[in-house]
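Structure first, commentary second.
Letters A, B, ... are given to chains in the order of the sequence lines, protein chains preceding strands, and every chain is numbered from 1.
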Protein chains: 2
Amino acid sequence: MTDSVLLDPVDLEILRLLQNDARTTYRDLAAAVGVAPSTCLDRVARLRRSGVILGHELRLDAARLGRGLQALLLVQVRPHRRELIDPFVDRIRGLPESRALFHLTGPDDYLVHVAVTDTADLQRLVLDEFTSRREVARVETRLIFQQWECGPLLPPQRPSAAVTRDA
Amino acid sequence: MTDSVLLDPVDLEILRLLQNDARTTYRDLAAAVGVAPSTCLDRVARLRRSGVILGHELRLDAARLGRGLQALLLVQVRPHRRELIDPFVDRIRGLPESRALFHLTGPDDYLVHVAVTDTADLQRLVLDEFTSRREVARVETRLIFQQWECGPLLPPQRPSAAVTRDA
DNA sequence: CATGAAAACTATACATA
DNA sequence: TATGTATAGTTTTCATG
């Protein structure tokens, strides 16, 4: 499906720095990893082409945008067949309240991360966009008290391999 | 806690464009929203200062980084007291496999989004980092078949208000 | 607050090793 | 592949409206 890519220590350090701040200049990147700026440019372009870097994203504060309440909705879609789930996914992805959508194993078929203004808004969303749909058999709502992004996404530590080869 | 911020149509359009591609230049931004590049710079700087923009992030393909399997772990932490949950949160946030962590209402206290290499790696993670911890009463593992980011995060549509005021 | 012009800095292409 | 340099382009500051 998607092939894993071989990354050397320079690539890894570049990714680590860019995950910390995606607007780090190639000059700073170069200084930090010990290669020329033009080399950094090349590396990043290659990481883009190889599909490791999917894009540059803005991280926003939902609460300051008037969406102070977030929740996870566990949804059962029955019958669980393509004719029903494909339009469901399209519809949910298009909701302005949706932040992320997961298709899962287990008793609940989908998990939807939503950001709303308040509990009244959440009630409206659940009733009008979920339980009102014929294919939605059940929705379980879990409010988010607090959430954290975790450290940078890096390849698993191999016993030794590429990560320790000399530049 | 966090105050909502008043945004005019120019701010909204800038946010919309930057969420689409966080590296859009101020020149292009300016052309798209109909103000001078230096004004865009000002707007973005203000959005940063006001906390609406939290940062610029790289979106990476986990599979191509050798983490082809992702899962959501529903975790019960008992007793659910600060002395136990604070170190739990710190520890989980620090795991290289963790992508995001949510503190929730409902029967499960935490939801952890993890990215691992394969099922063996996931089993190791669950056994060594979760069920082995005294405060972890239960872990339910749900594999992720597929996931989607949803549209840009924008303020809720108000009946009319700021969004339609004349520049 | 917004602007345009100038200055400083960055990204990028390319010739070369 | 990496580098340094040249060029084009972008960001940023600032005086002014």
Rounded to whole angstrom units, what separation is found between the OH atom of B:Tyr26 and the P atom of C:dA2?
15 Å
Side chain of B:Leu41, heavy atoms from C-beta onward: which of D:dT12, D:dT3, C:dT10 has the nearest atom to it?
D:dT12
Out of D:dA2, C:dA13, C:dT3, whichever nucleotide has its closest atom nearest the side chain of A:Arg46:
D:dA2
Please pick, from C:dA11, C:dT3, D:dA2, the nucleotide with the shortest atom-to-atom distance to any side-chain atom of A:Arg43.
D:dA2
Between A:Asp28 and B:Asp42, name the one whose nearest nucleotide on DNA chain C is closer to the 5' end.
B:Asp42
Quick one: does A:Arg81's side chain get under 4.5 Å of A:Glu135's, heavy atoms only?
no
Less than 4.0 Å between a side-chain N and a carboxylate O, is that true for B:Arg142 and B:Glu140?
yes
In terms of heavy-atom contacts, does CZ of A:Arg91 have more than 12 from other residues, nucleotides or ligands at under 6.0 Å?
no
Distance check: side-chain N/O of B:Thr39 vs OP1/OP2 of C:dT3, anything under 4.0 Å?
yes
Nearest-Å distance for atom pair CG/C1', residues B:Asp11 and C:dA2:
13 Å
When the distance from CG of A:Leu29 to P of C:dT10 is rounded to whole Å, what number comes out?
12 Å
Candidate nucleotides D:dT13, D:dG4, C:dA2, ranked by approach to the side chain of B:Ser38 - the nearest:
D:dT13
Which of C:dT3, D:dT3, C:dT10 is nearest the side chain of A:Thr25? It is C:dT10
Roughly how many Å is it from CZ in B:Arg27 to C1' in C:dA11, rounded to a whole number?
13 Å
Within this structure, what is the CG-to-P distance between A:Leu6 and D:dT1, rounded to whole angstrom?
11 Å
Under-4.0 Å salt bridge between A:Arg67 and A:Asp61
no
Could you tell me the separation between the CG atom of B:Leu18 and the P atom of D:dT11, rounded to a whole number of Å?
11 Å
